[in-house]
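A short write-up of the structure that comes next.
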2 protein chains.
Amino acid sequence: MTENKQGHESEPTAALRNSSLRVTKQRIAVLEAVCDHQHADTETVICAVRENLPEVSHQAVYDSLHTLTEVGLVRCIQPSGSVARYERRIGDNHHHLVCRSCNLIVDVDCTVGQAPCLTPSHDAGFVIEQAEVTFWGLCPECAASSPGRLAPASAV
Amino acid sequence: MTENKQGHESEPTAALRNSSLRVTKQRIAVLEAVCDHQHADTETVICAVRENLPEVSHQAVYDSLHTLTEVGLVRCIQPSGSVARYERRIGDNHHHLVCRSCNLIVDVDCTVGQAPCLTPSHDAGFVIEQAEVTFWGLCPECAASSPGRLAPASAV
DNA sequence: CCCGTTTTCTTGAATGAGTCAAGGAAGCGA
DNA sequence: TCGCTTCCTTGACTCATTCAAGAAAACGGG
């Protein structure tokens with residue numbers, strides 16, 4: 001098992017407790033899976049969790065991911081055309097590079113200063129809470145294998 | 001009918017022709033529906049199209065939207081947790097305000113200068129093609145009806 | 001340390017946006 | 001008008017995600 005039983009609690013356990021969530025092996029495994037697989041979709045998380053806990057139901061993973069997202073222990077991102085993906089890096093307002101060809105997702109730090117695009121030219125009266133920036137393009141490998149063109153097939 | 005038969009072609013017809021697409025009444029109706037319903041989802045587009053063309057199949061609308069998106073006559077956006085939505089305003093790199101409570105979407109112009117967030121601090125070797133910025137928050141009405149709090153229920 | 005309450009997990013079925021595929025209809029250049 | 005090509009209709013299907021009911025586990029109080 002990946003659990004830490006040496007006196008002090010493992011990081012996931014502490015994180016769950018700090019968020020007033022019950023500590024279950026399923027949730028610990030989900031947290032660890034998200035840590036180990038940056039930007040993993042639910043399918044990937046389920047498989048990763050089952051390496052340690054073969055019996056988990058997909059529903060438990062869905063539930064855990066929702067709960068963890070709600071309390072802010074993981075973050076859910078869903079670039080257009082993609083299923084839900086989860087990441088553990090939270091608290092900072094970082095953004096994402098998404099490859100149009102292979103769907104690779106990479107983190108990037110905030111662009112300009114600290115909260116770059118957090119001030120739209122006019123906010124239409126909205127109370128703005130968060131700015132989410134997604135950069136679309138081609139990752140190094142895909143760019144290399146399709147020289148000259150940006151989008152190899154179609155993509156928008 | 002909304003079609004223009006007075007000598008020169010209607011705008012949608014011309015747009016289709018300019019994009020080397022066959023001019024069909026279904027595509028014209030889809031283009032007009034997207035114009036008339038900013039940020040409409042596919043369901044809404046289908047209903048709008050059927051007001052003029054009661055017999056259109058949902059598939060024709062899906063196909064048209066895909067084709068129109070491919071040639072750049074409409075743009076498809078998919079904020080997290082939302083189904084695909086389409087808009088006619090294209091060519092400028094404008095962004096969106098999305099209300100977490102009622103899902104209202106409003107356009108905003110580019111924030112800083114012309115291409116605000118188009119330069120991530122490090123691009124991880126990506127060839128960047130487009131930056132997509134989504135501002136999450138509460139629209140004026142929802143903000144008014146839930147004073148003090150930003151997100152009424154849960155949200156991320 | 002055990003019990004009871006509450007939350008969470010398992011199981012299995014259902015939902016719904018979007019896609020696939022085959023044949024008929026319409027657009028459009030000759 | 002003809003014929004080729006593209007597009008539309010019909011209907012079945014996929015698959016991520018959700019719903020629901022009952023069993024199991026967590027954990028605070030006794």
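When reading the values below, keep in mind they use all heavy atoms of this one structure, side chains included, and skip hydrogens, waters and symmetry mates. In the text below, chain A, chain B and the rest are named by the order of the sequence lines, each starting its count at 1.
Residues B/Val71 and B/Val61 share a single hydrophobic cluster, defined by chaining ILVMFWY side chains whose heavy atoms lie under 4.5 Å apart.
Using a 4.0 Å cut-off, some side-chain N or O of B/His66 falls inside it from OP1 or OP2 of C/dT19. Phosphate contact (OP1/OP2 of C/dT8, side-chain N/O of A/Thr67, threshold under 4.0 Å): absent.
Put simply, the side chain of B/Arg50 gets close to the backbone of B/Val56: a donor and an acceptor are under 3.5 Å apart. Of the possible donor and acceptor atoms, none in the side chain of B/Ser82 sits under 3.5 Å from a partner among the backbone N and O of B/Gln78. Although no hydrogens or angles enter the test, the distance criterion places no donor-acceptor pair under 3.5 Å between the side chain of B/Glu129 and the main chain of A/Leu138.
Here the shortest heavy-atom pairing between A/Arg27 and A/Ser64 reads CG-OG, 3.6 Å.
For the pair A/Ile46 CD1 and C/dT10 C1', the computed distance is 13 Å after rounding to whole Å. One atom, CG of A/Leu21, and another, C1' of C/dC9, lie 15 Å apart when rounded to the nearest Å. What separates CZ of A/Arg50 from P of C/dC9 is a distance of 14 Å, to the nearest Å. Here the P atom of nucleotide C/dT10 and the CG atom of A/Asp63 are 10 Å apart, to the nearest Å. Here C/dG27 presents its C1' atom at 10 Å from CZ of B/Arg27, a figure rounded to the nearest Å. Spacing between atom CZ of A/Arg17 and atom C1' of C/dT7 amounts to 15 Å, rounded to whole angstrom units. In this structure, A/His58 places its NE2 atom 10 Å from P of C/dT10, rounding to the nearest Å.
When each of B/Arg22 and A/Gln26 is assigned the nucleotide of DNA chain C with its nearest heavy atom, A/Gln26 is the one assigned upstream, toward the 5' end.
For the pair B/Leu73 and B/Arg88, the minimum side-chain heavy-atom distance is below 4.5 Å. Proximity of B/His94 to B/Glu87: side-chain heavy atoms (C-beta onward) are separated by under 4.5 Å at one or more points.
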At a cut-off of 3.5 Å, list every protein nitrogen or oxygen paired with a nitrogen or oxygen from nucleotides 15-17 of chain C, distance to 0.1 Å.
none

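Taking a heavy-atom distance under 4.0 Å as the criterion, the stretch of DNA chain D touched by chain A extends 5' to 3' from D/dA16 to D/dC27.
Donor-acceptor pairing under 3.5 Å is lacking for the side chains of B/His95 and B/Asp107.
Between A/Glu132 and A/Arg75, none of the side-chain N atoms (NZ, or NE/NH1/NH2) sits under 4.0 Å from a carboxylate O, so this pair counts as no salt bridge.
Residue contacts for B/Ser57: at a heavy-atom cut-off of 4.0 Å it reaches a base atom on one of the strands shown.
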